[in-house]
Every structure is written in C-alpha cells, then in structure tokens.
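Here the structure is laid out as structure tokens; the discussion comes afterwards.
Computed from heavy atoms alone, side chains included, the values below leave out hydrogens, waters and symmetry copies. Since this is a predicted model, take the numbers as computed values, not measurements. Below, chain A is the first sequence line, B the second, and so on; all start at residue 1.
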2 protein chains.
Amino acid sequence: MSNSAPLDPIVVSESPEEKFREFLEIRGEKLTEPRRILIRHIFDSHKHFDADELVADLREAGRRVSRSTVYRTLRLLVEAGLLRELRLTNRSAYEHDYGYPSHDHLHCTECNTIVEFRNEEIQKLREAISQEHGFRSSGHRFVISGVCPTCSRARSPRRRLDLI
Amino acid sequence: MSNSAPLDPIVVSESPEEKFREFLEIRGEKLTEPRRILIRHIFDSHKHFDADELVADLREAGRRVSRSTVYRTLRLLVEAGLLRELRLTNRSAYEHDYGYPSHDHLHCTECNTIVEFRNEEIQKLREAISQEHGFRSSGHRFVISGVCPTCSRARSPRRRLDLI
DNA sequence: ATTTTTGCAAACCATTTGCAGCTGG
DNA sequence: CCAGCTGCAAATGGTTTGCAAAAAT
C-alpha cells in the first residue's frame, strides 16, 4: 500500500494525535493506548481504508486492537474532524480530513479504486446552490463513478479477443 | 405524501411498466403480479422512499408484497434504470430515474429530508474532470449536506429560549 | 411442462452494545 | 480512586438467500 498522498498535505501546527487528545480532553475522555495505536497507524500512511482493512492491517503489524474499539474509535475520529467517512459501497470507507485539502472523488466501479481530485468550482457551486435553497450547508460529496483508465485498458482488449 | 414532483418530468414514450416488462423480457424473466403492484405503486407518486417505507405503504394500501420480493424488485428496478439508489444513511433510499431529469440533492442532516435541484454546471464539471483523469464516467452523485430552512427556523429560536 | 418467482424463515454481515474487568489521570 | 475504556460475545438491523409451493409462458 502506498504512503504517498495524491494531493499535497496542508500545513498544520498540531499532529493528528495532539488534535485528538485535545478533542477528547474537552469531552472529558481519555487518550488510551488502543486509541494512540489507531491514530498513529491511520495517519502513518495516506490511503482510503475500511474498518476491516484497518483491523487486518493492525494485526499484520502485530498490534491487536479489538474490532469494537476500532469501530468506536473511527466514529470518534470522524466526530473530531480527523477522518471523513465515505459511503460508496455497503461498508464505510475512511480518509484523512485533518491536514488534508478538501477534495472530491472519482470512483471506479470495476476495481473499486477511489481517485481524489481538487476543483475550485465545486465549492462555489455548493455555496450558490445552498443559498438558493435556504440551506446552511455543512459539507458536500461529489462522486463521479465510472471506469478508471487501467480497467478500461484491461477490459476493452480482452473483449476483442473474445470475439475471435 | 405528496404526488407532485419538484422538477418537471421528462416526456417518455413508454410507461415505466412497459419499460420494465421489456427489460425483463430481454433477460428471459417475467412481469409478475407482485412486480406489477410494485412498479405501479412506486411510479404513482414521485417521492424518495426506502424499502421499509415501501412495505408499510403497500400494506396500508391493502397490497401485500413480501419484504423479500420488495428488496428483489428494487434491485431489478435499479438495474433496469428505472430507479436510482441513494446511500445517504444506513438504509438505501430510492427515487425515480426513468422519465425524470438528472439532478442532484440537498440532504438535511436534521430531518433527513432530500431536496432535489438541477444545475447545468455540474454535468460540465463531471465531463471535464473525468476526461482529465482518463475516466469513462457513467454517472455522478453530488450531495450537499446541511440544515434545511425548516430545521434552521425550528432550532435557532429554541436555543434562544433555552438561554433565558 | 418447465422455468422463474414468491413468501417464509433463516442466514448474512457490517456495525453496535451490554457487561465485567482493566486503565488512565 | 473512579469515570471512562477495552475486549468479548451477543445483539441489532438492513438486506440477502435457500427452499418448497405457486405462477407465468
């Protein structure tokens, strides 16, 4: 799995862990060992993941955190504004929010890959449309679904051979 | 529940039922009584609904179709291009696709209401962005989340009273 | 007559929760 | 110490599925 982010990270003064501790402190909650393991692991690499992959990933790295705690912590991290949740399939996917610029997604329906992109227009559209309808908007999701270049190339030629 | 569509319907030559029958025929499948009940009921009024509401609605109208058949038929209707599925919460919502113009959504996170809007810019953006990334796009979802005017009015004044 | 569909109940599967014991501050 | 947390196992809740009886062509 890749460690590189497709978009340049935003410069932030606090580490994700510090920001999480602060969030928990305000609510009178605690930064425990399992939570520390999770936030470090999650922000160690930049990628999209779901709860199951996270559990498997941690197990592989020799760090055991129970599935329940993973789910509970993911919810906290979303509430804290550190992660964003994407509901593209039956299982939720997560991505970094904190320290990462706002962006939208291309979703390949063949291989399930998620590609990020940044487009200034979308923010403006969101604002204009919200205002038009009297909404106080708090966020948006713009997902373009289709077939990525890799899957396009992989499938079209195979089709040809089938016809021979 | 309202029967009126927020956007003007598209003129189509076939009824949803005809289109469904055609779709089934191609696959060697059958337009049965439960399926007829469902498609008529669904296209009788224009609104967003989920599987549960549909079952309840049918029961109220004295038409019994089993939950399994409802789920199975909803899937068919999506495959047939008659309905679109929206995954905004833990349960899928459905809306008319056939005979209805393409549009996007404002989602109120307070009352869960879905408001439709139409904006030409979005199609253009989708095309431009897809091309830029070599995607063959097949669709998109643009959902603006926030608080609708009704919920805004209902909440803000209450807050004030609480402070007195 | 044969293939598909239905309804029921059971299975599924991602996610949540109750609880007894553990832990952080 | 004591509120909050963990892990386990059990529960939940939306959705799917196996199967025997029923319906469609």
Side-chain angles (χ1 to χ4, degrees), chain A residues 17-18 20-42 48-59 62-80 83-94 112, chain B residues 17-18 20-42 48-59 61-80 83-95 112:
Chain A
E17 188 174 331
E18 281 164 354
F20 192 29
R21 194 190 36 66
E22 210 171 73
F23 167 82
L24 291 168
E25 202 167 63
I26 289 165
R27 317 208 320 181
E29 299 176 358
K30 297 164 183 171
L31 182 53
T32 60
E33 192 53 21
R35 288 177 181 174
R36 239 190 300 267
I37 290 171
L38 283 167
I39 195 157
R40 283 179 187 171
H41 183 90
I42 288 168
H48 297 87
F49 62 92
D50 63 34
D52 228 50
E53 288 165 355
L54 182 52
V55 171
D57 235 43
L58 286 164
R59 187 153 308 170
R63 315 213 140 288
R64 279 172 271 85
V65 178
S66 76
R67 192 168 295 270
S68 338
T69 297
V70 166
Y71 275 108
R72 284 188 278 234
T73 306
L74 284 174
R75 199 192 327 183
L76 286 175
L77 291 172
V78 170
E79 284 176 44
L83 291 182
R84 286 210 300 163
E85 188 179 1
L86 302 171
R87 299 166 172 273
L88 301 179
T89 68
N90 60 326
R91 53 218 298 166
S92 287
Y94 298 87
N112 229 31
Chain B
E17 188 174 331
E18 281 163 354
F20 192 30
R21 193 189 37 65
E22 210 171 75
F23 167 83
L24 291 168
E25 202 166 62
I26 289 166
R27 317 208 322 181
E29 299 176 358
K30 298 162 182 173
L31 181 53
T32 60
E33 191 53 20
R35 288 175 180 173
R36 240 189 300 270
I37 290 172
L38 283 167
I39 195 159
R40 283 178 186 170
H41 183 92
I42 288 169
H48 297 87
F49 62 92
D50 62 35
D52 227 50
E53 287 165 356
L54 182 52
V55 171
D57 235 43
L58 285 164
R59 185 153 309 169
R63 315 212 141 288
R64 280 171 269 86
V65 178
S66 77
R67 191 170 293 272
S68 339
T69 298
V70 166
Y71 275 108
R72 284 188 278 234
T73 307
L74 284 174
R75 200 196 325 191
L76 286 174
L77 292 171
V78 170
E79 285 176 45
L83 292 182
R84 287 210 300 162
E85 188 179 2
L86 303 171
R87 299 165 174 272
L88 303 179
T89 67
N90 59 324
R91 54 218 298 167
S92 287
Y94 297 86
E95 65 173 9
N112 231 28

Mark up nucleotides 11-21 of chain C, 5' to 3', with B wherever a protein heavy atom is under 4.0 angstrom from a base atom, S wherever such an atom reaches only the sugar-phosphate, and - elsewhere. ---SBBBB---
For a side chain to side chain contact (heavy atoms under 4.5 Å, CB included) check, start with the C-alpha distance between B:I37 and B:E33, then their side-chain angles and the critical distance, and finish with the verdict. CA-CA 6 Å; B:I37 290 172; B:E33 191 53 20; 4.0 Å; yes
Could I get the full list of salt bridge (Lys or Arg N to Asp or Glu O under 4.0 Å) partners for [X], not counting sequence neighbours?
| X | result |
| --- | --- |
| B:E79 | B:R27 |
| A:R84 | A:E95 |
| A:E22 | none |
| B:R64 | none |

Please work out which residues in residues 24-34 of chain B have a non-hydrogen atom less than 4.0 Å from an atom of DNA chain C and list them by number. B:G28, B:E29, B:K30, B:T32, B:P34
DNA chain D: 5'-most and 3'-most nucleotides touching chain B, 4.0 angstrom heavy-atom criterion: D:dG14 to D:dA24
List the residues meeting side-chain contact (heavy atoms from CB on, under 4.5 Å) with B:V55, not counting sequence neighbours, and say none if there are none. B:R59, B:R67, B:V70
Can a side chain N or O of B:R64 be found less than 4.0 Å away from OP1 or OP2 on C:dT6? no
Non-neighbouring partners of [X] that pass side chain to side chain donor-acceptor pair (under 3.5 Å), sequence neighbours left out:
| X | value |
| --- | --- |
| A:R35 | none |
| A:E18 | none |
| B:S68 | none |

Could you walk me through whether B:L74 and B:L54 satisfy the side chain to side chain contact (heavy atoms under 4.5 Å, CB included) test, starting with their C-alpha distance in whole Å, then the side-chain angles of each, then the deciding distance to 0.1 Å, before giving a yes or no? CA-CA 10 Å; B:L74 284 174; B:L54 182 52; 4.0 Å; yes
Would you mind reading off the bend of the helix from C:dA1-D:dT25 to C:dG25-D:dC1 from its two end axes, five pairs each, to 10 degrees? 30°
Side chain B:T73, main chain B:T69, donor-acceptor under 3.5 Å: yes
Would you say B:I42 and B:Y94 make side-chain contact, with heavy atoms under 4.5 Å? no
